[in-house]
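Following: one structure in structure tokens, then a few remarks.
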Amino acid sequence: MGAVLSNLTDPGVLAYLMSDRPAYAKFVEARVKARLNNPWFTEENMAQAFTGLAAMLHPESIETWLGKYDGGSETFQPKRIGVILAGNIPAVGFHDLLCVFVAGHRAVAKLSGQDNILLPALIELFESEIEGLKWPVDWQEGKLGHVDAMIATGSNNTARYFEYYFGKYPNIIRKNRTSVAILSGNETDEELDKLGDDLFSYFGLGCRNVSKIYMHENFDIDRFFGAIYKRHEIVNHHKYANNYDYYKALWLMNQEPILDNGFVIFRESEALTSPVGTVFYERYAAEEKLRAELNTRSEEIQCIVSRRDIAFGESQKPQLWDYADGVDTMGFLRKI
């Protein structure tokens, strides 16, 4: 699978394959449809998603991942696993579908309206290009029907409905999360530059994107603005620009203090999740005290980016074993 995904990230290889293998040409058509369906899914963002999935599916990574689990049971019976998928970034639900498939079950999947094209097209491409591969997925637009367990990803509001309707099944129900960064002031210019990737990849829409930065009280924020300036063209995307303009106007009218560098607005706030086009920040004096406070909000945080945690620039490069919300999806599926 990783080799197929790698082909999708090289324009020259992809153009050659399209001329000879209809499955690739069909997938490229699906990419165009996905971009038209959801303007956040730019070619650059889709290519980044496929590059990340290709790296995730490296043979050594798969071996390491599956090596964490015991062998299968002789009495194993495949189950129907309901999967309600998110659509905030391209193919974000792939990992859940992969876990269900590798665990030997059948996915009964309900796609997000924001990403209802890429995943079916991707699985169809795999089945066309990998001899003997059959990936059982029932794509459902209405009710899921009979399921034996549920994996559902949504907001804090939808999670309440999920718990009401699916609480009787073994389940994983995910809520809103975001990611934060901690800057001590000792970071290099290169590290600050890489933090820009954690902020702006996928326009900041992913739960692994940093939406809040904790800065030491002596940190020079102008230094950070200089490090991320090369990403200023992000404001040329119309949906991002609409968000940026809206919150700039709103906060100026409310006379709230903001820092504006022309393409992203920084606002001091205790909140963790900032709107697209903005970043919240907060000053701190003692890092250990800050970490104790963050520990009390761990259910709101997907990951922390810092010199002591996930490296700068790596938040949107998860491994197969980096499970959403820290819940072992494969372990859950293997126990059903």
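Predicted model only: the values in this text are computed from it and were never measured.
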Checking [Y] against [X]: is there a side-chain donor and acceptor pair closer than 3.5 Å?
X	Y	answer
R291	S306	yes
N209	Q316	yes
R160	N157	yes
D115	S112	no
N171	Y165	no
D325	Q302	yes

Distance flag, aromatic centroids of [Y] and [X], threshold under 6.0 Å:
X	Y	result
F219	H216	no
F76	H105	yes
F41	F203	no
Y240	F263	no

Would the distance check show the side chain of [X] and the main-chain N or O of [Y] forming a donor-acceptor pair, the cut-off being under 3.5 Å?
X	Y	answer
K110	G142	yes
R80	H146	yes
S274	S211	yes
Y214	S184	no
D197	F200	no
K212	S179	no
H95	Y323	no
T51	A47	yes

- [ ] May I have the step-by-step check of side chain to side chain contact (heavy atoms under 4.5 Å, CB included) for I304 and I310, ending in yes or no?
- [x] CA-CA 6 Å; I304 298 174; I310 293 176; over 6 Å; no

Charged N to carboxylate O below 4.0 Å: is that the case for [X] and [Y]?
X	Y	answer
D328	K335	no
K134	E127	no
E300	K175	no
R31	E44	no
R223	D189	yes
R231	D193	yes
K194	E314	no
R208	D198	no
E299	R177	no

I need the [X] [atom1] to [Y] [atom2] distance, nearest 0.5 Å.
X	Y	atom1	atom2	result
H238	N243	NE2	CG	10.5 Å
I265	L259	CD1	CG	10.0 Å
I117	E29	CD1	CD	12.0 Å
E256	E268	CD	CD	12.0 Å
D148	I336	CG	CD1	8.0 Å
M1	L125	CE	CG	11.0 Å

Looking at [X], I'd like to know if its [atom1] atom is crowded, meaning that more than 12 non-hydrogen atoms belonging to other residues, nucleotides or ligands lie closer than 6.0 Å.
X	atom1	result
K33	NZ	no
E217	CD	yes
E63	CD	no

Open item on the list: With salt bridge (Lys or Arg N to Asp or Glu O under 4.0 Å) as the criterion, how do R307 and E191 come out once you've worked through the C-alpha distance, each side chain's angles and the decisive distance to 0.1 Å?
Closed with: CA-CA 9 Å; R307 279 188 162 184; E191 287 173 321; 3.1 Å; yes

- [ ] Indicate the ring-plane relationship of Y281 and F266, choosing parallel, tilted or perpendicular according to the 30° and 60° boundaries.
- [x] tilted

Open item on the list: Angle between ring planes, Y247 versus W251, binned at 30° and 60°: parallel, tilted or perpendicular?
Closed with: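 Because their plane-to-plane angle lies in the 30° to 60° range, the rings of Y247 and W251 count as tilted.
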
Open item on the list: What I'd like to find out is whether the side chain of D96 reaches to under 4.5 Å of the side chain of T329, using heavy atoms alone.
Closed with: yes

Flag yes if [X] and [Y] sit in one hydrophobic cluster, no otherwise; membership is Ile, Leu, Val, Met, Phe, Trp, Tyr, and two members link when side-chain heavy atoms are under 4.5 Å apart.
X	Y	answer
V210	Y284	no
Y229	Y244	yes
V147	F166	yes

TODO: Show the numbers, then the answer: is there a side chain to side chain contact (heavy atoms under 4.5 Å, CB included) between N242 and Y246?
DONE: CA-CA 6 Å; N242 287 342; Y246 172 80; over 6 Å; no

